[in-house]
Amino acid sequence: MGEIVVQPWILRLSLWIMLGTVVALVATIVVARLARRERARAVTRRVGPLREDVLAVVSGDDDGRSRALLAGLRGRSADLVEPVLVGYLSKVRGTPAERITEVLAAHGMHERALAGVDSWSGTKRARSSWALGTMRADGASQAVAPLLQDRDRGVSVTAARSLGLLGDPATARSLLDAVVPGSRGRGQLPVWVVVESLVALGPAAASTVGAALASDDASTRAVAALTIGRAQHLSQAPALRALLDHEEDPVVLTAAAGALGSVGTATDVGTLLPLARAGRPRSVRLAAALALGELGGPDAVAALADLLGDDDPRLGELVAEILVDHGPAGIAALEAHADDAGASGQAAAYGLAVHQLRRGRG
């Protein structure tokens, strides 16, 4: 096979093309930064004089004049003020939120946001869904929910957070469906986003969330369990117990054990203790131990004391710390094991040392 000969002019042309590309990239970056700086200055020039009026409306100190002034803005001034007001709207509640919403409604934000959820631009779809959420717009959840399956991940995540703000329990099923990987890259939203939104839907969504514990998808079951625990859906404790009877997925077991610690009763010690024993993944065992600590009571303290001698030193130390948190009853359990040889004595000694350190700091 002969050598490949490259003509010098081809090399020179390639170098010139590379140099031109570098120059173009540098120029683009410089122009973009200058344009961004100029936009910031323009915003300051236009919004600056309205700053006091914006703050008056946001703080609730407005006597009506600032709200009327802002509501009457049109054109470029309105375009610049609206994002500022939407930003504040996600942070305030009560009267200030109502007044900001009135201003945005006067600008036609509600109608434009409803139309914007169907825009070809992902940025506009996301901004529109967020605006509807922060405005707590009536009936907007039906327009926002389809965006959970948007091809743009930023849009779908924003839509999920917006639905949490809207608080419509009817969207719980759509949020749960968004956990499962869908077609063309859709679905599979981050667990924390979906859980946060489901919790915000309140008690009215409890039955829908509880039913998801029977889903074929492990991620959906885990999301449902996490939501039940964080939202304190006490009515779903029986569904959690039923799940723990047959569940094998470690992630789901970890979430369900933690949730039962939040919504269960002292009678659930017998359900959680087997999950903390040897043979289960460490994450499940640690979650079960923490859940026993959450339940409290004499039976839970006794169960935790039995775990002090576990072969996993991390579990023994965690149990010891939990017993310290249980006050005199937990300290007594540690003292009862302090003279034991082996792992239980070491874990008890660790717990008593933690107790002494806390007392010293107190």
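- Arg153 contributes no side-chain N or O that, together with a main-chain N or O of Asp150, makes up a donor-acceptor pair within less than 3.5 Å.
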(request) Step by step, work out the side chain to side chain contact (heavy atoms under 4.5 Å, CB included) result for Trp130 and Leu165. (result) CA-CA 9 Å; Trp130 185 245; Leu165 294 174; 3.6 Å; yes

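- The minimum heavy-atom distance between Asp152 and Gly122, with the atom names listed, is OD2-CA, 4.0 Å.
- When all heavy atoms of Asp249 and Ala218 are compared, the pair lying nearest together is OD2-CB, 3.7 Å.
- The shortest heavy-atom contact between Leu295 and Gly264 is CD2-C, 3.7 Å.
- Across every non-hydrogen atom of Leu307 and Ala276, the tightest pair is CD1-CB, 3.7 Å.
- Linking ILVMFWY residues whenever their side-chain heavy atoms come closer than 4.5 Å, directly or via other members, places Leu318 and Leu352 in the same cluster.
- Under a hydrophobic-cluster definition in which Ile, Leu, Val, Met, Phe, Trp and Tyr are linked whenever side-chain heavy atoms come within less than 4.5 Å, directly or via other members, Val86 and Val92 are assigned to the same cluster.
- Under 4.0 Å is where a charged nitrogen must lie from a carboxylate oxygen, and between Arg173 and Asp177 at least one such pair does.
- The shortest side-chain heavy-atom distance between Leu148 and Leu163 falls under the 4.5 Å cut-off.
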(request) For Arg136 and Thr101, run side chain to side chain contact (heavy atoms under 4.5 Å, CB included): C-alpha distance rounded to whole Å, both residues' side-chain angles, the deciding distance at 0.1 Å, then the answer. (result) CA-CA 9 Å; Arg136 273 75 172 178; Thr101 301; over 6 Å; no

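- When side chains are defined from C-beta on, His110 counts as touching Leu114, because their heavy atoms get closer than 4.5 Å.
- Residues Ser128 and Val117 come closest through the heavy atom pair CB-N, 3.8 Å.
- Counting heavy atoms from C-beta on, the side chains of Tyr88 and Val57 never come closer than 4.5 Å.
- Counting heavy atoms from C-beta outward, Pro190 and Val157 have side chains that approach closer than 4.5 Å.
- A salt bridge between Arg127 and Glu82 is absent, with no side-chain N of the basic residue lying under 4.0 Å from a carboxylate O of the acidic one.
- Taking the charged nitrogens against the carboxylate oxygens, Arg282 and Asp312 do have a contact shorter than 4.0 Å, which makes a salt bridge.
- Among all heavy-atom pairs drawn from Leu315 and Asp310, the shortest one is CD2-CG, 3.6 Å.
- When side chains are defined from C-beta on, Val324 counts as touching Ile331, because their heavy atoms get closer than 4.5 Å.
- Linking ILVMFWY side-chain heavy atoms closer than 4.5 Å, directly or via other members, places Val263 and Leu243 in a single hydrophobic cluster.
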(request) Mind running side chain to side chain contact (heavy atoms under 4.5 Å, CB included) on Arg125 and Leu147 for me, showing each step along the way? (result) CA-CA 8 Å; Arg125 293 196 301 275; Leu147 295 181; 4.2 Å; yes

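- Using a distance-only test at 3.5 Å, with no hydrogens or angles considered, no donor-acceptor pair links the side chain of Asp168 to the main chain of Ser141.
- Inspection of the Ser119 and Ser121 side chains reveals no N or O donor paired with an N or O acceptor under 3.5 Å.
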